[in-house]
Amino acid sequence: MDKLILIDGNNIIYRAFFAMPPLTNTAGQQTNAVYGFTTMLLRLIDDYKPSHLIVAFDAGKITFRHEGYEDYKGGRQKTPPELSEQFPMLKDLLRDLGVPQFEISGYEADDIIGSISREADAAGREVIIVSGDKDMLQLASEHTTVALVRKGVTEVELYGPQQIREKYDLTPEQIIDLKGLMGDTSDNIPGVPGVGEKTALKLLHQFGSVEGVLAGTGELKGKMKEKLEEHADSAVMSKKLATIYREVPLEHAWEDMAFSGIKTETAGPALAKLEFKSLLERLSLSAYAPAANGEGTGAEASGAAETAVLDITIVGEAELEALIAALPDISALHVETNGENPHRSEVIGIGLSSPEQHYFVPLALLKSPAAAPLRDWLGDSSAPKSGYDLHRADLALHWQGIAFAGAANDVQLAAYLLDPTEANQNLNDLTAKYGLPRLSPDEEVFGKGAKYKIPELEILGNHVARKSATVLGIVQKQQQELTETAMTGLFVDLEMPLSRILADMEKQGIAVNKEDLKELGKEFEAQISTLVTEIYEICGTEFNLNSPKQLGEILFVKLGLPVVKKTKTGYSTDAEVLEKLAPYHDVVRLILQYRTIAKLQSTYVEGLLKEISEETGKVHTFYRQTIAATGRLSSQFPNLQNIPIRLEEGRKIRKVFVPSEPGWSILAADYSQIELRVLAHISGDERMKEAFLEDMDIHTKTAMDVFGVTADQVDSNMRRSAKAVNFGIVYGISDYGLSQNLNIPRKEAAQFIEQYFEVFKGVRKYMDDIVLDARKQGYVTTLLERRRYLPEINAKNFNLRSFAERTAMNTPIQGTAADIIKLAMVHMDKALYERGLKSRMLLQVHDELVFEVPPDELELMKELVPEVMAGALALSVPLKAEVSYGSNWYEAK
DNA sequence: CATATCACG
DNA sequence: ACGTACGTGATATGT
C-alpha cells in the first residue's frame, strides 16, 4: 500500500531550532535544528514506513500572498542567523539521506503540500502531513491525516476529519473559517478583534462559515454584532489568507516522491560530519563515527540516544539557588536508585521537573547544608509531587535520612490500576504507551549486572531529569483514563493514601529475635543431618537430596517405585507424588520430612537471618502494590506473607517475630471467611447470606444444605468436602480441580458441584453472569471498581478460555476482599493517628493485620482493630474480624 | 535464566 | 475431547 508523508520543512526546522538547546559541533557550527529535524524524520520513517516521502520548503522571499496583504507574516521575527545557517546543512543532509525535497519558486511549503495532497486525494492515496501549523488541518480528508507536531518536535497528534470533528465539531474546510474569524498572530492574520477560539467556534456552529456569520449578524446583538460588522472585510480577507493554495503547478511526478529507505552509503559520512553519533548508532552506522577526541560534542555527548528535547540543568552549588526558587513550580520528581531492595539501595540523585525546566541534583549535593530548603520541600506534605514508584523513592530517601511526603500522583500505581495484568510497566513502557519521547533503557545508561556503573554526571543528569519530565507527560493522560474507567476514587482515596501507609509500616519493620532464630536453626540442622544419614543408608548411596533429578533417579530407577506423575523434564517428586508413594517404601516418609525441614531451614531460618537489618535488628519487608492482578499486595525482601503456620514445625518460626519494645504485645486480627462473605454479597444468594447473617460455620452450613442433613449429622468428611467445594467456588470451580483436591473421581466431583448449585442458585447465577459480563465488556471489576481485563475470555483455545472464565469468577471476589482490607488499613491508620495511639501497624497478610501494641493500649486495640476491620465496607452480610495477641506472632493465634 | 518445589492467603 | 483449581515469593538445581 502506497503511503506518502509530506513534511512542512520550514515549520519543522523552526520548531526544532527553538525547542533544542543551542548545541554546536566541534567545528563550532550550531546543529541543533538539523539534529532535531533529523530525529523527528527518522522517527516518522520508523513509525509509518512511507513508500513516498518529501520535505517541502518555502522558496524565495516573495510569495503570491504579498500581492493582497502587505503585512502578511510581517509580525514574524527575522530568521536568526544561527537558524539560517542550518537550512543548507539540512538540505544537504536530506539529499545524502535520500529524502526528496521540493521547493517551488513563489510558493510556500504549505501550498506545495496542499497541492500534492489534492492530487494524492484525487488518486485515493494515503497521505500523512507533518507540520506544527494548525492551518494544515484544513487538508485532512478520508485518506489524508494531519500529524500536528507538539512539544518541540518530539510528539505528534494525528488528526483526520473525525478527530477534528471530535475536537472542534468542525469539518476540515471550516478550519479556514475558524482562522478567518479568530486570526493568527504568528502569521499576522488579523481575523476579527475580540473573537477568540471560543467565540469563533460558537459562531461557526451556528452559521457554518465566515460568509454565513456575516450574513447572519442580524440575529446577533451588542458588541459582538458591531465587531463583526465593522471587521467584515478583515474576516473575509483573513479567511483568504488562511486558505492553503492547492493549485501550485507541479512538475513532479509521483515517482519523484518515492522513498526507498535511508541511503546508508552517503548518510553515514554526512551524519558523521555533523557529529550525530546517536543517529549513526540508531541507523547502525557507527562505523562512520569519528574517532573520539575527548571533546564533548554538544547534543550528542549529553543526549545519548534520547530524543527528547528539554531544558535540563545539572544542578551544582551555583545552580542550587535558582532551583530552590523554582520549587513552587515543580510537580514531578524521580529518585534514581540502584538495586531491587529499596531498604538497601543507594540514592544516586533526583530529577525534578516543572513544565518549563528540568533539573538533576546529585545525592551529595542533596545532602549538603545548602540544599536544606530542597530537603524541606521533599518532606513537605503540602507540596504535591508526581513520580514513578514514589513508595520506593520514599524508602530509599528515608534510609539516607531524608524525609519524603506529599506523594500525590504515582504514575506506576495509576498504570497498574489501568491495567493490572501488564507486568511491571516501567517508565519507558509508559512513554511508548502514551506516545512520549523515548527514554534510554536503564541498562543502556548504567549497564546491566556486573557491568553496572554510574555514568558521567552529564549523561546521568540528563537521563534522570528526562525521567521526571516524562512523569509530567504521563500524569495528564492517565488522569483522563482513570476518570473514563471510574477509578479516580480508587486511586485518590485508596491506593495513593495506602502507599504512604505501606512505606510507614516498612520503615517501622518488625523485630526478629536473632538468637532464638539461630537456636531454631541448630535444631533444624540436627534433624536434617539425622534424616540425611538415614536416607542415604536406606538408599545405599549418597546423592543430592535437593535435586529432584537425582532423587527421581533413586526412587523410580534404583528403588523401582511406580511413576505417578511426570514433569516436562523428568519424574515428578513433589509432595503430592511422595504421599502416594509412602505406602510402598519407608524412605519416602523420611524424604517428605527432610523436605519440610530443609525448606524451613533454607528459606525461613537462613533466609530470614540474612534479611535482619544491622541497623535496626528488624526485618523490613517491601510491599509491592502493583504486582498482583487481583489488587492484592505482595511482599518481598523478605516475603512476610508466607511465614509458615499450617504445620507445627514451621509455625514455630513465628515465635521469633516479637515486639520491638519491652512489655509490648503482638496483636493480630484476621477477617473470618472474607472471600465467601464477599461472594454472598456480590451474588446475593439468600442461603449463603443467611449463613453469615446468623454467623454460622459456613462449611458446616454448606454441608447441611448440599447433603440435606441437620447440623449434628454433618461429619468431618462431609464438612471437609463442603470446604473444598467452597474453595473451588471462590477459585472458579471446575470438576477436575475439585476431583484433584478431594482425590475423588471427576464424575463425583461434578455431581458435588451440581448439587451445590442446586442449593446455592444465586451463586450459580453469579458465576454464569460474570462470565457473560466479561465476554461482553472484556473485563471484570471489584466492588470498588478495580478492573481486570480478560482478553482471552473469547479465545478459541479451550484452555485459554477456561482460564479466563475462572479468572472472571475469582477476581471480583479476591479483588474485593483486597479492596476491603486496604480500606481497613487506611481507616486504621487514621484511627491510630487521631487517637494519638502508640500502637503500630506492622504487617498485612491478605486477610490479616499485625500490630505491636504497648500494654496500656492492649484493651483498646482488642476492640478497635476488629471494629475498624469489620466496618471497612458495608455489605449485605456482616464482616467479621477475630483478634488475638501474645508476646510474639506465634502466641497471637 | 528457566524449572521444580513449597511456603502463605 | 480439551486438562486446571485463584493469587503470590524464595530457594535450590542445572542448563
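In the text below, chain A, chain B and the rest are named by the order of the sequence lines, each starting its count at 1.
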Quiz item: Stacking check: are the rings of Phe803(A) and dT4(C) less than 5.5 Å apart at their centres and under 30 degrees in tilt?
Solution: no
Quiz item: For dA4(B), which nucleotide is its Watson-Crick or G-U wobble mate, given both distances must be under 3.5 Å?
Solution: dT11(C)
Under 4.0 Å, heavy atoms only, any strand: does [X] hit a base, just the sugar-phosphate, or nothing?
| X | result |
| --- | --- |
| Arg646(A) | base |
| Arg651(A) | nothing |
| Glu675(A) | nothing |
| Ala724(A) | base |
| Val730(A) | nothing |

Exercise. Ignoring backbone atoms, establish whether Arg806(A) has a side-chain N or O less than 4.0 Å from OP1 or OP2 of dC6(C).
Key: yes
Quiz item: Are any of Arg788(A)'s side-chain N or O atoms less than 4.0 Å away from OP1 or OP2 of dG7(C)?
Solution: yes
Exercise. Provide the distance between the two P atoms, one in dA4(B) and one in dA5(C), to the nearest whole Å.
Key: 13 Å
Exercise. Write down the distance separating the P atoms in dT5(B) and dT4(C), rounded off to the nearest Å.
Key: 15 Å
Self-check item: Polar side-chain contact Thr569(A)-dT3(B) base: donor and acceptor under 3.5 Å
Solution: no
Practice problem: Enumerate the residues from residues 619-639 of chain A whose closest heavy atom to DNA chain B is under 4.0 Å, giving them by residue number; use none for an empty result. | Solution: Arg632(A)
Quiz item: Do Phe543(A) and Tyr536(A) have their ring centres less than 6.0 Å from each other?
Solution: yes
